[in-house]
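What follows is a set of notes on a single structure, which appears directly below.
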Number of protein chains: 2
Amino acid sequence: MSSTRRPALIHPLVQDLSLVDVLHALADPTRLTIVNTLHESGERACGTFPVTVAPSTLTHHFRVLREAGVVRQREEGKHRWTALRDEDLQARFPGVLETILASEQTA
Amino acid sequence: MSSTRRPALIHPLVQDLSLVDVLHALADPTRLTIVNTLHESGERACGTFPVTVAPSTLTHHFRVLREAGVVRQREEGKHRWTALRDEDLQARFPGVLETILASEQTA
DNA sequence: TTCAATGTACGACATTCATCGAAAGGAGGC
DNA sequence: GCCTCCTTTCGATGAATGTCGTACATTGAA
């Protein structure tokens with residue numbers, strides 16, 4: 001069968017995104033690094049981020065980002081790919097992610 | 001003597017502001033309400049914010065905002081006045097506070 | 001089939017956090 | 001001096017958070 005994989009990943013709808021949740025998701029050094037890396041280089045596999053935490057910790061951070069609507073994840077073979085939800089965030093909270101990432105660059 | 005008041009309030013310098021700290025300070029409903037109220041109506045006394053938490057909790061939130069560099073507080077007689085550090089934040093993290101408050105308005 | 005690679009799930013742990021109530025303290029008015 | 005108003009400090013408490021190690025599941029290759 002082709003449908004016996006892991007449970008499908010849940011992503012909140014655009015209209016359900018909460019500003020407080022998004023800010024909370026971004027208010028962590030490791031997660032901000034993840035988001036910044038995604039912004040610079042597009043979709044990536046989980047293990048390819050320039051952070052120094054245990055794999056299980058990384059999984060935790062991805063879940064926080066995913067449930068806040070900041071990233072989208074999809075399964076493909078051995079990898080789980082992660083991408084920024086730029087457009088959704090821009091539609092819901094115009095300029096917020098953009099300006100935060102710009103400040104992060106110059107910080 | 002005129003210098004026997006409470007310890008002077010400490011405010012971080014503009015160049016010492018941390019983006020993660022600012023985001024963390026804003027990632028709370030009560031504090032976001034405080035910041036939004038300040039943005040709409042300028043400087044205010046502590047007890048005049050439209051929030052429903054205990055006075056001691058409010059003091060806690062003001063300290064978080066102050067130490068992150070989001071607000072500035074000054075003593076005057078019986079009151080402690082609180083104001084947004086709009087310009088400092090704009091200089092350090094251009095557009096960040098602005099876009100967050102704009103999104104908060106329409107949320 | 002066996003193995004290595006990738007990433008998750010679970011449980012544990014120490015820390016931080018938001019919240020409150022009670023007590024205290026400075027400022028101004030009586 | 002005394003009292004009231006505004007705000008802080010302290011201590012406590014329950015919840016959330018970031019971290020890890022271990023075990024497990026899935027995939028693709030040897």
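Residue numbering restarts at 1 for every chain, and letters A, B, ... go by the order of the sequence lines.
- The distance from atom CD of B:Glu75 to atom P of C:dG28 is 11 Å, rounded to the nearest whole Å.
- As rounded to whole Å, 13 Å separates atom P of D:dT17 from atom CG of A:Leu65.
- Distance, A:Leu9 CG to C:dG7 P: 13 Å, rounded to whole Å.
- Counting non-hydrogen atoms of other residues, nucleotides and ligands closer than 6.0 Å to CG of A:Leu13 gives a total above 12.
- Residue A:Arg80 has a polar side-chain atom (N or O) positioned under 4.0 Å from OP1 or OP2 of C:dT8.
- For A:Gln73 and C:dG7, the CD to C1' distance is 10 Å, given to the nearest whole Å.
- Looking only at distances, no side-chain donor or acceptor of B:Ser41 sits under 3.5 Å from a matching main-chain atom of B:Leu38.
- Separating the NZ atom of B:Lys78 from the C1' atom of C:dG25 is a distance of 14 Å, rounded to the nearest angstrom.
- The side chain of A:Ala45 has C:dG7 as its nearest neighbour among D:dT8, C:dG7, C:dT19.
- A donor-acceptor contact under 3.5 Å links the side chain of B:Ser56 to the base of C:dG21.
- Within the 4.0 Å cut-off from OP1 or OP2 of C:dG7, at least one side-chain nitrogen or oxygen of A:His79 is found.
- The environment of NE2 in A:His11 is crowded: more than 12 heavy-atom neighbours from other residues, nucleotides or ligands sit within 6.0 Å.
- Counted within 6.0 Å of CD on B:Glu98, heavy atoms from surrounding residues, nucleotides or ligands total 12 or fewer; the atom is thus considered open.
- Computed from coordinates, the A:Trp81 CH2 to D:dT27 C1' distance equals 14 Å when rounded to whole Å.
- When every heavy atom of B:Leu19 is checked against every heavy atom of A:Ile100, the shortest pair comes out as CD2-O, 3.6 Å.
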For nucleotides 12-18 of chain C, read 5' to 3', which letter fits each nucleotide if B means a protein heavy atom sits under 4.0 Å from the base, S means only the sugar-phosphate is that close, and - means neither?
-----SB
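- Separating the CD atom of A:Glu76 from the P atom of C:dA5 is a distance of 20 Å, rounded to the nearest angstrom.
- Of all heavy-atom pairs spanning B:Leu17 and B:Phe93, the tightest one is O-CZ, 3.6 Å.
- One atom, CZ of B:Arg66, and another, P of D:dT7, lie 13 Å apart when rounded to the nearest Å.
- Here B:Arg85 does not pair with B:Glu87 in a salt bridge; the nearest charged N to carboxylate O distance is not below 4.0 Å.
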